[in-house]
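Read the structure below first, then the notes.
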Amino acid sequence: MMKRVNTLSSEQTKEKKQTIFSGMQSTGVITIGNYFGALKNWVKLQDEYNCLFCVVDLHSITVKQEPAKLRQSSRDLLALYIAAGLDPEKNVMYYQSHVPQHAELSWILGCYTYMGELNRMTQFKEKSQKHVENINAGLFTYPILMAADILLYQTDLVPVGHDQKQHLELSRDIAERFNNIYGNVFTVPNPYIGKVGARIMSLQEPTKKMSKSDENVNAFISLLDEPNVVMNKIKRAVTDSETTAIYADDRPGVKNLMDIYSCATGETIEKTKEALEGKGYGDLKKIVGEALVAEMEPVQKRFFEIKQDKAYLDSIIKKNAETASYLANKTLRKVKKKIGFPE
Ligand code: TRP
């Protein structure tokens, strides 16, 4: 059994390496904002840390989902993890729904979380305003499940975006509360503060974050958009009434395009300015579009190869879920014992 635990193949590294956990929802498309903001950064963590990257499909059903679409997009997201460069032999990548310990710990932690705490969550307030017809209990208890995700694996560090900070803070509070009652059961997780990359903004309203749920498809670029679609969306991107490019906060459209270039090429902002400032908007968009396509094409190519190899993907899904389950059980057994459930 131990041999299967692929991230812990060497007992030595097990001692030294810290654990990182993160997850993404499998619904809809992955935008270049998700890619540059999360996925691509995860790739850099895989050698230094024990990483678990989860497709959080239990979280997805807090809003209505079509079964066939959910199944397909979950599979696609896992394939995208691999296509983006996450090595399934180095990281534990799996579906949350394949590891029932998440739901089990979530129930338990729910009994150590106060209604008042959940009531304060800004994401709940936002989402319940957005889905007034479906304000379900899962939407309310969503942060408890997220705490379970993190605490199950004795996670040290969690790379999360700004919108998830409050949830991570709550996970810490729950862990500390539990530890205060029962002794040191959970590692109290910290946010992973990486090199802060640019936030990719909407191409149509560049003061808003790029979002896959934007009604205007020209506002976002999916990681799987075809090259001509990418070029067209960039071409249509909102700029301003000036004529040549300058990187400045009060010119958010142009700044966003230059940030996209910087993310796609890996160049610093300084180098990006040198390359692009002074260009006319037609040229600017062409250069940015081409750089983006060059970054996306190999990922897309790998994605379609992986997707076609059903047996390969299935074997990875199975193996990684077993690893996750093994690790999760270690924590869950301890939790149950401490609480006083019969052995
Ligand atoms: N709630 C996160 C999001 O929507 C996804 C998520 C679920 C997550 N569980 C997690 C992120 C645990 C980090 C750690 O982005």
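All values below were derived from every heavy atom in this structure, side-chain atoms included, with hydrogens, water molecules and symmetry-related copies excluded. Order of appearance sets the numbers: ligands from 1, and atoms from 1 within every ligand.
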State whether a side-chain donor-acceptor pair under 3.5 Å links Thr331 with Gln154. yes
Should the ring pair Phe186 and Phe178 be called parallel, tilted or perpendicular, given that the plane angle runs from 0 to 90° and is split at 30 and 60? tilted
What class does the angle between the rings of Tyr49 and Tyr192 fall in, given that below 30° is parallel, 30 to 60° is tilted and above 60° is perpendicular? perpendicular
Taking non-hydrogen atoms only, is [X] closer than 4.0 angstrom to ligand 1 via side chain, backbone, both or neither?
{"X": "Leu168", "result": "neither"}
{"X": "Leu145", "result": "neither"}
{"X": "Met24", "result": "neither"}
{"X": "His167", "result": "neither"}
{"X": "Asp163", "result": "neither"}

Near Lys286 NZ, under 6.0 Å, is it more than 12 heavy atoms from other residues, nucleotides or ligands? no
His102 and Tyr95: aromatic ring centres closer than 6.0 Å? no
Could you tell me the separation between the [atom1] atom of [X] and the [atom2] atom of [Y], rounded to the nearest 0.5 Å?
{"X": "Gln164", "Y": "His167", "atom1": "CD", "atom2": "NE2", "result": "5.5 Å"}
{"X": "Trp42", "Y": "Cys51", "atom1": "CH2", "atom2": "SG", "result": "9.5 Å"}
{"X": "Thr272", "Y": "Lys255", "atom1": "OG1", "atom2": "NZ", "result": "12.0 Å"}

With heavy-atom distances below 4.0 Å as the criterion, list the atoms of ligand 1 near Val158. 13 (C), 14 (C)
Mark up the atoms of ligand 1 that fall under 4.0 Å of a heavy atom belonging to Val160, in ascending order. 13 (C)
Suppose we measure from [atom] to each protein heavy atom; which comes out shortest, and what is that distance?
{"atom": "atom 9 (N) of ligand 1", "answer": "Asp149 OD2, 2.7 Å"}
{"atom": "atom 12 (C) of ligand 1", "answer": "Phe21 CE2, 3.5 Å"}
{"atom": "atom 4 (O) of ligand 1", "answer": "Tyr142 OH, 3.1 Å"}
{"atom": "atom 5 (C) of ligand 1", "answer": "Gly23 O, 3.6 Å"}

So is Gln123 polar-close to ligand 1, meaning N/O to N/O under 3.5 Å? no
